[in-house]
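To keep things clear, I will list the structure first and then write my remarks on it.
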Number of protein chains: 2
Amino acid sequence: MNKLDESLLTGLPPFSRLERPQIREILDQATPKRHDEGAEVFREGEEADRFFLLLDGYVRVVRTTPTGDQMVLRHIAPGQLIGIAPALGRTTYPATATAASEALTLAWPTRLWPGFVTRYEGFATETWATLGRRMQELNDHLAELATKAVEQRVASAVLRMVNQTGRKVDGGIEIAFPVTRANIAEMTGTTLHTVSRLLAAWEKDGIVESRRKHIVVTAPHRLVLLSGAGG
Amino acid sequence: MNKLDESLLTGLPPFSRLERPQIREILDQATPKRHDEGAEVFREGEEADRFFLLLDGYVRVVRTTPTGDQMVLRHIAPGQLIGIAPALGRTTYPATATAASEALTLAWPTRLWPGFVTRYEGFATETWATLGRRMQELNDHLAELATKAVEQRVASAVLRMVNQTGRKVDGGIEIAFPVTRANIAEMTGTTLHTVSRLLAAWEKDGIVESRRKHIVVTAPHRLVLLSGAGG
DNA sequence: TCCAGTCCTTGCGCTGGATCAAACTGGGAA
DNA sequence: TTCCCAGTTTGATCCAGCGCAAGGACTGGA
């Protein structure tokens with residue numbers, strides 16, 4: 001079995017305060033895995049027997065309601081932990097995680113979690129901070145959904161993706177992974193039809209350019225205005 | 001200064017595994033405070049210099065958007081911790097907490113938090129579990145807001161209050177603290193007008209009875225049906 | 001007892017977006 | 001090259017729920 005390179009973890013917040021031997025130790029217990037686009041990393045309700053670090057690619061976290069509608073809760077960028085149910089005393093995953101693009105993860109068995117928290121300096125702190133940030137985002141998202149109109153919500157959703165995962169291309173900032181109109185609809189509680197119309201209108205106004213599954217924001221500031229300055 | 005009685009804390013989850021001397025120690029560092037109905041316990045954005053235990057009464061957690069609209073995030077029942085920003089590595093409160101009815105709290109300075117976590121067995125675990133539950137509820141709420149229609153959302157909101165804080169009275173279950181139509185509107189992202197109409201309709205159908213600021217649910221099962229079986 | 005401030009109700013018209021329906025397009029499989 | 005399908009566009013219609021407006025009723029204080 002190939003040894004994983006230590007550089008994979010250095011610099012990532014949860015592990016940034018650790019020395020080489022500890023990193024080595026952590027890596028030796030990890031199982032790397034490649035996920036095709038669209039493949040499930042873990043599924044809502046399943047026993048949470050592993051937690052993951054996303055090394056490369058993007059992951060979409062989705063929730064399905066009893067009535068079958070889907071809701072995209074968040075996107076995860078490389079370098080972040082996912083499936084950290086054990087941190088919150090849960091035994092099952094609260095949502096489903098799918099690879100939004102081809103993705104690479106490391107996985108550890110959940111039983112190692114308590115050891116990570118106590119053994120590795122900074123790991124616990126960073127994890128709580130991450131959780132705090134996610135909770136904050138959740139609150140923001142909630143307030144947005146409850147108070148803003150559809151156009152503002154869609155603008156916010158696009159901006160959120162751009163901020164978290166955008167990369168510069170000629171003429172604007174591109175969302176770094178494939179997104180469909182339906183995905184955006186599921187992030188904002190609307191329909192793909194409405195999203196399509198909005199993007200078309202924005203394109204005519206020179207705010208975005210979009211080809212199939214790809215969105216380039218050419219005038220972020222104008223999108224911010226449309227979003228109602230919330231974020 | 002009067003000593004606080006140890007029975008105040010015994011049995012409450014965060015402290016349930018502790019012995020008398022530890023409880024004593026914790027109480028001796030606490031500051032009790034009474035809050036009139038409508039008074040702020042802490043305010044969004046303020047420096048989080050204290051965390052609280054709600055001993056009696058109910059607290060409403062509210063978020064205000066940049067545009068001035070309000071959103072009620074949750075209600076807290078007696079026995080729960082609030083203002084636990086420090087647990088998530090935050091230095092300011094993420095939302096405003098207001099006494100929904102006359103309330104009694106104990107407060108500790110934030111600097112004691114790390115000590116609580118390390119010194120007191122079960123405190124950390126219980127806190128993470130609480131956070132996990134809140135995160136779960138936030139997810140549920142989000143999915144609900146994104147996918148359900150107004151009537152279902154209002155039904156869910158009423159049920160949530162009933163489940164968390166309901167007390168039996170003759171002919172039904174009553175929400176244990178004052179709630180206005182406007183409050184419910186802010187929980188569900190609608191207007192007080194719509195809430196008023198819905199309650200009126202439900203009252204005609206014999207599902208609820210409501211007087212000013214008071215709601216009694218007489219047919220919870222029917223409300224569950226209306227809510228779309230989500231929660 | 002009266003008053004003022006909240007809170008609640010109800011009617012009406014309008015519209016943002018959902019829903020329904022249909023056609024188009026680009027890209028991958030074969 | 002062709003076919004197929006997921007993803008997208010666009011039109012037409014409809015209605016849930018918002019906004020506006022006005023009036024009513026309960027409550028605590030003076």
OP1 or OP2 of [N] under 4.0 Å from side-chain N/O of [X]:
{"X": "R181(B)", "N": "dC8(C)", "value": "yes"}
{"X": "T191(A)", "N": "dA18(C)", "value": "yes"}
{"X": "S196(A)", "N": "dT9(D)", "value": "yes"}
{"X": "T180(A)", "N": "dA6(D)", "value": "no"}
{"X": "T194(B)", "N": "dA16(D)", "value": "no"}

Inset, instruction - Please state whether the rings of H35(A) and F52(A) are parallel, tilted or perpendicular, taking 30° and 60° as the class boundaries. - result: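 Perpendicular, since the angle between the ring planes exceeds 60°.
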
Legend entry - Parallel, tilted or perpendicular, as decided by the 30° and 60° cut-offs, for the rings of Y93(A) and F42(A):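 Ring orientation of F42(A) relative to Y93(A): parallel.
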
Atom-to-atom span, [atom1] of [X] to [atom2] of [N] - whole angstrom:
{"X": "R197(B)", "N": "dC18(D)", "atom1": "CZ", "atom2": "P", "value": "9 Å"}
{"X": "N183(A)", "N": "dG7(D)", "atom1": "CG", "atom2": "P", "value": "8 Å"}
{"X": "L198(A)", "N": "dG16(C)", "atom1": "CG", "atom2": "P", "value": "12 Å"}
{"X": "E102(B)", "N": "dG28(D)", "atom1": "CD", "atom2": "P", "value": "14 Å"}
{"X": "L192(A)", "N": "dA21(C)", "atom1": "CG", "atom2": "P", "value": "15 Å"}
{"X": "K213(B)", "N": "dG28(D)", "atom1": "NZ", "atom2": "P", "value": "9 Å"}
{"X": "E186(A)", "N": "dT8(D)", "atom1": "CD", "atom2": "P", "value": "12 Å"}
{"X": "E37(A)", "N": "dG27(C)", "atom1": "CD", "atom2": "P", "value": "14 Å"}

Legend entry - Given R211(B), K213(B), K168(B), the one that forms salt bridge (Lys or Arg N to Asp or Glu O under 4.0 Å) with E174(B):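 It is R211(B); the other options fail the test.
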
Can you find an N or O donor on one side and an acceptor on the other, under 3.5 Å apart, linking the side chain of [X] with the base of [N]?
{"X": "R212(B)", "N": "dT27(D)", "value": "no"}
{"X": "H193(A)", "N": "dT19(C)", "value": "no"}
{"X": "R211(A)", "N": "dG27(C)", "value": "no"}

Inset, instruction - Tell me what S210(B) touches on the nucleic acid: a base, only sugar-phosphate, or nothing, going by heavy atoms under 4.0 Å. - result: nothing

Legend entry - side chain to side chain contact (heavy atoms under 4.5 Å, CB included), paired with R134(A), selected from V61(A), I76(A), L73(A), N139(A):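 For R134(A), the side chain to side chain contact (heavy atoms under 4.5 Å, CB included) test succeeds with only one of V61(A), I76(A), L73(A), N139(A), which is I76(A).
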
Legend entry - Selected nucleotide, minimal atom distance to A200(A) side chain, candidates dT10(D), dG7(D), dG17(D):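 The listed nucleotide nearest to A200(A)'s side chain is dT10(D).
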
Inset, instruction - Could you work out which one of dG17(C), dC8(C), dC20(C) sits closest to the side chain of V150(A)? - result: dG17(C)

Legend entry - Residue whose closest nucleotide on DNA chain C lies nearer the 5' end, L199(B) versus E151(A):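 Whichever sits nearer the 5' end wins; that is L199(B).
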
Inset, instruction - Determine, stepwise, if the pair D140(B) / R63(A) fulfils salt bridge (charged side-chain N to carboxylate O under 4.0 Å, His left out). - result: CA-CA 9 Å; D140(B) 290 344; R63(A) 200 119 200 279; 2.7 Å; yes

